[in-house]
Amino acid sequence: MESPKITRALISVSDKMGLADFAKGLHAAGIEIYSTGGTKTHLEKEGVPVIDVADYTGFPEMMGGRLKTLHPKIHGGILCRRDNIGDMNALAEHNIKTFELIVINLYPFESTIAKEGVTEEEAIENIDIGGPSMIRAAAKNHQFVSVVTSQDQYASVLEQIQKNGKTTIQLRQSLARDAFTMTGNYDNAISQYFIERLAKGEFPATLSLKLKRSDVLRYGENPHQQAAVYVDNRSNTASVVSARQLGGKELSYNNLLDLDAALSIVRAFSQPAVSVIKHNNPCGAAVDAEISNALRKAMAGDPLSAFGSVIGINRPVDLASAEILSEPGLFVEAIVAPSFDADALEVLTTKPKWGANVRLLHVGSLETPPSRWNLRPLEGGALLQETDTQSDPEDQWTVVTEKKPDADAWDDIRFAWEIVRHVKSNAIVLAKGGMLLGAGAGQMSRVDSVEISIKKAGDRISGSILASDAFFPFADSIDRISEYGIRAVIQPGGSRGDESVIESCNKHGIPMIFTGRRHFKH
């Protein structure tokens with residue numbers, strides 16, 4: 001059947017942004033507009049002629065607006081099949097008019113429940129009933145009806161109406177898809193609200209996700225794998241998936257993983273901090289009073305590994321930092337930061353040979369806390385846990401050796417302990433002067449991680465702090481580091497072998513702190 005000419009529209013929206021111009025365009029195209037309540041008032045104030053739904057149905061709005069459009073004269077006009085003689089006869093018999101265009105958006109349930117102190121009564125009154133019913137009816141009957149659920153759709157719909165007096169079936173199918181997605185997400189949000197309110201303990205019995213695809217990537221971890229990135233629009237924290245890309249090539253799957261790791265490290269520090277990530281582990285990290293100094297220290301941590309790395313910065317990128325990154329011999333894949341100064345942006349995108357390709361991500365303020373929850377997919381399911389971002393109370397730390405750390409060693413002890421939680425376990429880090437010197441990551445043996453960190457630190461190792469993400473089961477690692485002038489060791493403790501490990505530290509004169517908290521990162 002040929003697409004029907006649009007003669008009549010029903011408009012009922014909560015978010016009225018852009019509506020007046022759209023409705024004026026519909027009226028100019030000769031379309032009769034029906035509406036209710038606040039939408040009707042808004043359109044009349046804008047000079048758009050509107051027919052009250054109550055005048056048409058002969059049934060008044062009631063129950064504080066709970067009952068407005070749930071009427072056969074509305075739903076019959078939406079659901080009727082224009083090529084079905086029985087449907088059309090029913091319309092004629094009951095004096096029902098057809099509606100070819102439905103413009104609806106819903107009560108703001110999600111923004112309402114996001115407000116601090118919202119009551120259950122307020123939440124319930126923001127559960128839309130009539131809106132989803134009309135949207136679903138129109139989407140089901142998209143063969144004949146256009147359903148508009150977002151102001152982003154106004155322009156394309158109006159353009160087709162102004163050109164042809166109707167919409168194409170392709171557009172109506174697209175609008176129907178978006179409509180069903182909208183009502184599905186809306187119902188999920190309501191369901192999740194009640195699941196969380198009635199949940200026993202921290203974890204809901206059912207977990208609903210609302211993720212919107214923001215981009216299709218060139219490929220996944222490897223070129224033969226397809227991939228896409230999705231964003232949680234409910235999240236208001238700074239993240240790489242919601243960041244604004246200022247320049248460079250499109251982001252890859254691996255870029256995003258590394259950028260996320262880089263950002264998680266630097267947002268953990270209040271002082272200026274930089275992280276250098278390679279294959280999801282820090283090969284460099286540093287803090288300093290000036291961000292450019294922190295950058296130079298971080299890049300010097302493991303210069304060989306830093307080639308082709310991803311960098312996280314927790315301050316606006318300034319000109320001095322941009323000049324460091326543009327020095328000969330350096331190559332950077334991507335940078336994530338709260339912002340980029342204009343002169344720094346100019347340097348980064350023009351001066352280095354790779355400048356035109358470097359991905360620059362502007363994430364905005366890092367003051368908002370990271371997500372409390374971490375979701376890991378498994379084959380056939382998922383794991384949900386609290387993100388390991390809680391601070392470790394130092395009043396629970398214990399110096400367990402005869403020798404105590406020097407007073408001026410504590411800044412590096414704290415720095416090393418913060419960094420080690422961001423390294424894949426088994427994790428060992430060596431740090432000195434607010435700078436990561438070497439990291440042993442992801443090894444099956446803690447001794448192997450110690451060996452790698454020693455090799456990475458090289459002749460800078462003397463006077464450094466060693467941090468271990470979990471306890472030492474035996475004294476072999478302590479015996480191994482004894483010849484390198486390690487200033488102090490910090491680890492969780494709690495092993496059956498703690499006594500022998502402490503004895504080894506005492507033997508070699510190495511202070512050791514037990515924190516009582518492990519930081520595995522698998």
Checklist entry - Quick one: side chain to side chain donor-acceptor pair (under 3.5 Å) pairs with a partner in residues 268-279, sequence neighbours left out? => result none
Of all residues at least two apart in sequence or in a different chain, which pass the ring-ring contact (aromatic ring centres under 6.0 Å, His included) check with [X]?
| X | value |
| --- | --- |
| Tyr219 | none |
| His519 | Trp417 |
| His224 | none |

Checklist outcome for this item: Here the salt bridge (charged side-chain N to carboxylate O under 4.0 Å, His left out) pairs for residues 504-521, sequence neighbours left out, are Asp392-Arg517
What residues form a salt bridge (Lys or Arg N to Asp or Glu O under 4.0 Å) with [X], not counting sequence neighbours?
| X | answer |
| --- | --- |
| Lys297 | Asp288 |
| Glu483 | Arg480 |
| Glu327 | Arg296 |
| Arg487 | Asp406, Asp408 |

By side-chain hydrogen bond (donor to acceptor under 3.5 Å, both in side chains) - contacts of [X] (at least two apart):
| X | result |
| --- | --- |
| Glu333 | Arg359 |
| Asn426 | Arg446 |
| Asp476 | none |

